[in-house]
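Both counts, for ligands and for their atoms, begin at 1 and track the order of listing. The figures that follow rest on heavy atoms only: side chains count, while hydrogens, waters and symmetry mates do not. Here the structure is a predicted model, which means the values were calculated and not measured.
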Amino acid sequence: MITRIENAFFLSTSSTTLLLRINEVGKPVTEYFGPRIEAVLPEAAFAKKEVTMGRTVVYDKDRSDTISLNDIPSDVSTLGKGDHHSPSLLLRSPKGVVFDFDFVSASIGEAKEMEGYPTPRGAKEELTLLLEDQAMGVQVELHYLVYEETNVIGRYVKIINLDEGKLTIEKAMSSQLVLENKQFELISNYGNWAGEFQAERQPLSHTRIEFGSDTGSAGDYHNPFFYLMAKGASLNHGDAYGFNLIYSGNHLQQIETDSYGKVRVLQGISPLNFRPTLAKGASFITPMAVLTYSNEGSNGIAHNFHSFIDGHVIPEHFSFVDRPVAYNNWEATYFKFSEHKIRSLIKKAAELGIELFVLDDGWFGHRDTEHSSLGDWKIYKKKLRHGIKGLADYAHKLGMKFGLWFEPEMISEDSDLFAAHPEYAVSDGIHKPSEGRFQRVIDMTNPEVRDYLFHALKGIISEAGIDYIKWDYNRIFSDLPASGTFCHDFILGLYDLLKRLRAEFPNLLMENCASGGGRNDLGMFSFFAQGWVSDDTDSFERAKMQAAMAVGYPQSVLSNHVSAKTSHQMLRKTSFGTKFDVAAIGVLGYELDIKELDPIDEREIKAQIAYYKEHRHLFQFGRYDVLQPLEDGALIIEVSDGKEAEVSYMNYLQTPHPGIETLRLVNLNPELTYDYAVRHEEIDFRRFGSIINQVTPIHLKEEGKLVNFISRRFGYGIEKFEGQAHGSLLLGGGLKLGRQWAGTGMNDQTRILLDFGGRLYRFKPKEN
Ligand code: DGJ
């Protein structure tokens, strides 16, 4: 709800208020952003009458003999009128570089769709503040959209040139928010291939902090999502502020703490090599930034952003709609597959209970390695005699959906498309172009390229009856053309193509991928209902990445696969049980050679899929709470709906002197009695090494033939843990877990988790 009282604007959501005001010198300032307050004029909250301090520049002595733009919590800033922070707008016209925007008018109305960008749907109201620098002939609109029930505010800026002279934009941030310094810590996520979403925590100091991406895509080295935690804030308590950008290209975040105790947070397109120019009458719109506040710590940020993304960002057809359990052949076959092999995998997948079969890279052109065929979206007949349709029909006949891999934004030099259209590949026209993963980037700024891709994809999707596509993107930019807006235009071109495909195939499930999670951002999630988190499918690495990503993105977009026991990326060996315990917190899939499963593993996987289907909605859409961070010895996550819960437990390193651990939940009904149980798993006998001989009637050689034979068929059942407990106890004192394996004195409650081992616990109201 947006309420205007005189020159103040209360942007209220269900639990927060952002209070804006046009101050005495005509500048929009954020007076307050925190728990919801009544829309009455809180004079006491506004800055007291200023005194000029030291060497500060007094902005306009006629309107106020004390106010300096350096000291006020402005919502927009420029160069040259006394504000010495890094500005949110840097403009240049033939007249000069000093810009001074004054408030002209405000309007509150229905929220509008943004031109060229994805706009989260469902904001009821939008506030627009119009500012102008008359002398320079430039106007600026500040837009605020309120996503009420999710506690999220969207912000973007429009710059309009009314002057004869050409206006050059050197920096145009989507949002500037000034907060009172609460001794914040910043939590941001850096990363790289196979190691995306590495959460990093640092206290703010008076040194300006900047991060972002200039690779052409949003997520490669730094995701645009980050948050600030006030001193003393924790998982469930205290002031926390979350930030993200609905954009998939280069971005910049700046956090500047000044000597007066203010923290200025800027979010927007990276200004590096970004120089739009505006002729008279032209305008530029920034992408939307989103902000949220919670006094319930980092879990509160997750709750806000999850409901915002699930309800307003994800394509409407998939909003809160259960995603299928997938099988993907990549780590089973890589490029080496035949039609026979794929058909046998389809058959096996159906037997295991899989709902969607995905054929990954290698089905088109003459693609047997990474070196060729991108752009030739035609069936590789030598490999697949009956085409994609043959396989899709087979999957459909067995009751599964069928999905296909594409990498539309790339072109191989060894392709028919490149031979016919070398100009489609991005280059600066001067240097020998550099390749990444032996491929070039295709020019998405060219409408002809987008048309070609639209028709190529449309043809296959409709002809074969494809239900899902995985949209990959496997290299970053190089050899940029001279245009100062190439990277931005590329992203707008990509959005244009995606928009056309979404309109043509509203029911098509699309998964976003960029060599893993290289482009998991809100721009992409506006078109894709889920995203591949990382090519690293080792469950311990995944648990860390998923937990970092899930503060800002809902589980429903986290695509997680159970892969071979020995991780292809880490060569770390983990049981299928643990792999499932981690993958289940999100959208479950499998990616291993299921034709080679031992009987015990086949039983386990079938049981996992059945278990997941039974609790799927909770896993994908339940409220997400971190109960304990990994630093405290185990990562514990609860997904719940206030009545039922599933808890995923991922051990870190086993310790020689384990203590008693307590499992305390946060979102159950305190009035109900619960049945609780650990999901049954079996431990591979081989994990016990030669100590197994202390209990076996015959001697077993470590890794010997007999133990191998037995282990393929049978396992050692994990600890007993089931019973009834009152909701108030589960939320209050919690349940005591059996002590972990301590090398001696084991019983039927001893938890043999070992390094990186997992468990899943279920809490269900007792049935009468
Ligand atoms: C990178 C993706 O992340 C993988 O899952 C797989 O699809 C390969 N590309 C295929 O080339």
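Distances from ligand 1 to the non-hydrogen atoms of Lys470 include at least one value under 4.0 Å.
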Practice prompt. Please assess Tyr590 against Tyr327 for the test ring-ring contact (aromatic ring centres under 6.0 Å, His included), listing each intermediate value before the final yes or no.
Written response: CA-CA 5 Å; Tyr590 288 80; Tyr327 172 82; 8.0 Å; no
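Selection from Asn328, Asp472, Val358, Asn329 by nearest heavy atom to atom 1 (C) of ligand 1 gives Asp472.
The shortest N or O to N or O distance between Cys513 and ligand 1 is not below 3.5 Å. Residue contacts with ligand 1: Asp361 is placed with a nitrogen or oxygen under 3.5 Å of a nitrogen or oxygen of the ligand (distance criterion only). Taking only nitrogen or oxygen atoms, main chain and side chain alike, Arg437 reaches within less than 3.5 Å of ligand 1. Between Glu591 and ligand 1, not a single N/O pair is under 3.5 Å apart.
The closest protein non-hydrogen atom to atom 6 (C) of ligand 1 is Asp360 OD1, 3.3 Å. Looking at atom 3 (O) of ligand 1, its nearest protein heavy atom turns out to be Asp535 OD1, 2.4 Å.
If you check the side chains of Tyr334 and Glu370, you find no donor sitting under 3.5 Å from an acceptor. For Ser648 and Asp581, the side-chain atoms include no donor-acceptor pair closer than 3.5 Å.
Set against the non-hydrogen atoms of Gly516, the atoms of ligand 1 under 4.0 Å away are 3 (O). Distances below 4.0 Å separate heavy atoms of Ser515 from the following atoms of ligand 1: 1 (C), 3 (O).
Under the 30°/60° scheme for interplanar angles, the aromatic rings of Phe243 and Phe226 are found to lie parallel.
Scanning for side-chain contact (heavy atoms from CB on, under 4.5 Å) contacts around Lys458 gives Phe454, Ser462, Glu504, Phe505, with sequence neighbours left out.
Ionic pairing of Glu355 and Arg616 is present here: one or more N-O contacts between side-chain nitrogen and carboxylate oxygen are shorter than 4.0 angstrom.
Side-chain contact between Leu498 and Trp471 is present, with at least one heavy-atom pair separated by less than 4.5 Å.
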